[in-house]
Amino acid sequence: MKISSGQAIDILKKNQVVAIPTETVYGLAARIGSDLALSQIFETKKRPFFDPLIVHVKSIEQAQALCLHWNPIMQCLAESFWPGPLTMVVPKTKMVSDLITSGLATVGLRCPQHAIALDIIEGVGEPLAAPSANLFGQTSPTLADHVISEFNNQIPVVDGGPCLIGIESTVLLVQNHQISILRPGQVTQLMIEVALKKKHLGFDWTKSVDKKLSPGQMKHHYMPSKPLFGIDSEFKGDLIARLNQELSHLPDEVEGVKIHKPTQIRSIKELKLSDSACEAARQLYSELRRLAEGPEDALTFYFQKSHSAPDWVAVHERLSKACTKFIKS
Ligand code: TXA
Ligand code: MG
């Protein structure tokens with residue numbers, strides 16, 4: 001059911017969840033002070049409790065109140081990229097419930113660049129925890145209608161139109177002057193470096209992050225409801241025969257994420273994306289959902305050399321995780 005921003009504010013105040021638009025993807029929101037609504041997020045998404053939620057704030061001041069040691073790097077990045085698609089993982093204060101952070105000492109903070117999201121945070125008078133509004137491991141929603149079909153019309157959603165960016169925010173872990181990208185997004189490594197250097201701030205990219213500090217990095221994610229096969233652009237031969245061969249070796253699930261498998265693959269549909277990485281990001285999830293609703297048994301995507309360019313890092317990561325299997329020649 002579609003609702004207004006005013007109705008969303010009332011529902012959130014009553015300790016329930018609603019889906020809200022952001023510039024990246026739609027989020028399933030709850031007040032950070034409501035353990036009841038926070039639990040409802042995990043239940044609705046069938047999300048394991050080990051995977052922490054992002055907290056959405058309306059301002060730098062609201063972020064500072066949730067962070068134990070706000071430092072000049074955080075201030076610089078917030079000033080450079082907020083409101084916008086950057087989540088900073090920072091040390092948390094006691095105001096942030098362990099339910100949000102899965103017991104970690106850090107919290108992911110982001111100020112979204114969407115008037116409706118900001119109005120709702122303002123109206124509720126409190127930051128909102130919001131993961132992407134999809135079932136765990138599946139394709140994220142970039143339209144209100146995606147949220148409606150994902151949850152069989154059981155979750156109220158504020159329609160803010162199509163998401164302008166189309167893939168989730170960059171997640172950056174900030175530990176003192178050590179920084180590390182946990183999830184690539186439209187804010188790139190280069191953009192972060194340029195912003196910090198402009199302010200003459202010293203920083204180091206962390207070589208490897210302890211897995212415990214980044215629990216959300218599953219092998220598969222963003223998966224459509226039909227198998228998607230990544231195909232090497234050099235592949236030659238009988239593709240359908242090869243896919244059926246692969247099908248028999250696929251597991252039912254990987255790290256709790258369900259692998260969709262037809263009994264047989266008779267027909268396939270190719271996912272085609274723009275040559276522009278920005279445009280491809282906008283198309284990706286919508287196209288995956290649209291094609292998965294078609295009559296074909298499986299989807300394919302041909303990985304080209306151009307998809308390894310720096311501006312494709314985020315879309316490439318989403319596609320790689322959305323793929324059931326990569327087929328080499
Ligand atoms: O663009 C976005 O970030 C969207 C919109 C709705 O804002 N939200 C989103 O949330 O993508 P979600 O929950 O689907 O992804 C959040 C990611 C997860 O991989 C999670 O593990 C990671 O951020 N994360 C959140 N808090 C963290 C923390 N304290 N430490 C490490 N990773 C964290
Ligand atoms: Mg998600």
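Just so it is clear, the structure is predicted and the values come from calculations on it, not from any experiment. For ligands, and for the atoms within them, numbers begin at 1 and follow the listed sequence.
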_If hydrophobic residues (ILVMFWY) are linked whenever their side-chain heavy atoms come closer than 4.5 Å, directly or via other members, who joins Ile20 in its cluster?_
Met1, Ile3, Ile9, Ile11, Leu12, Val18, Ile116, Ile120, Ile121, Val124, Leu128, Val158

*Among protein heavy atoms, which sits nearest to atom 27 (C) of ligand 1, and what does the distance come to when rounded to 0.1 Å?*
Pro52 CG, 3.4 Å

*asked:* My understanding is that we take every heavy atom of each candidate and find the minimum distance to atom 8 (N) of ligand 1. Doing that for Gly27, Ala130, Cys163, which one comes out nearest?
replied: Ala130

*Give the contacting part of Gln217 toward ligand 1: side chain, backbone, both or neither, where contact means a heavy-atom distance below 4.0 Å.*
neither

*asked:* Under a 4.0 angstrom heavy-atom cut-off, which atoms of ligand 1 come close to Ile54?
replied: 3 (O), 8 (N), 9 (C), 10 (O), 16 (C)

*What is the nearest protein non-hydrogen atom to atom 32 (N) of ligand 1, stated with its residue, atom name and distance?*
Leu182 CD1, 3.9 Å

_Students should be able to answer this: which protein heavy-atom is nearest to atom 15 (O) of ligand 1, and at what distance?_
Arg183 NH1, 3.0 Å

_Interfacing atoms of ligand 1 (cut-off 4.0 Å, heavy-atom, Ser169)_ = 1 (O), 2 (C), 3 (O)

*Among all protein heavy atoms, pick out the one at the shortest distance from atom 14 (O) of ligand 1; state its residue, atom name and that distance to 0.1 Å.*
Ser132 OG, 2.9 Å

*What atoms in ligand 1 come closer than 4.0 Å to a heavy atom of Thr106?*
28 (C), 29 (N), 30 (N)

*Can you tell which part of Arg47 has a heavy atom less than 4.0 Å from ligand 1: side chain, backbone, both or neither?*
side chain

*Determine the interplanar angle of the His221 and Phe136 rings, folded into 0 to 90°, and report it as parallel if under 30°, tilted if 30 to 60°, perpendicular if over 60°.*
tilted

_Does any N or O of ligand 1 fall below 3.5 Å from an N or O anywhere on Asp51, backbone included?_
yes

_Out of all atoms in ligand 1, which are within 4.0 Å of some heavy atom of Leu213? Include the element for each._
30 (N), 31 (C)

_pair Phe151-Val157: side-chain heavy atoms closer than 4.5 Å_ = no

*Any N or O of His56 that comes nearer than 3.5 Å to an N or O of ligand 1?*
yes

*Can an N or O of Thr24 be found at a distance shorter than 3.5 Å from an N or O of ligand 1?*
yes

*Would you please determine whether Leu173 falls within less than 4.0 Å of ligand 1 on a heavy-atom basis?*
no

*Of the protein's non-hydrogen atoms, which lies at the shortest distance from atom 23 (O) of ligand 1, and what is that distance?*
Val171 CG2, 3.8 Å

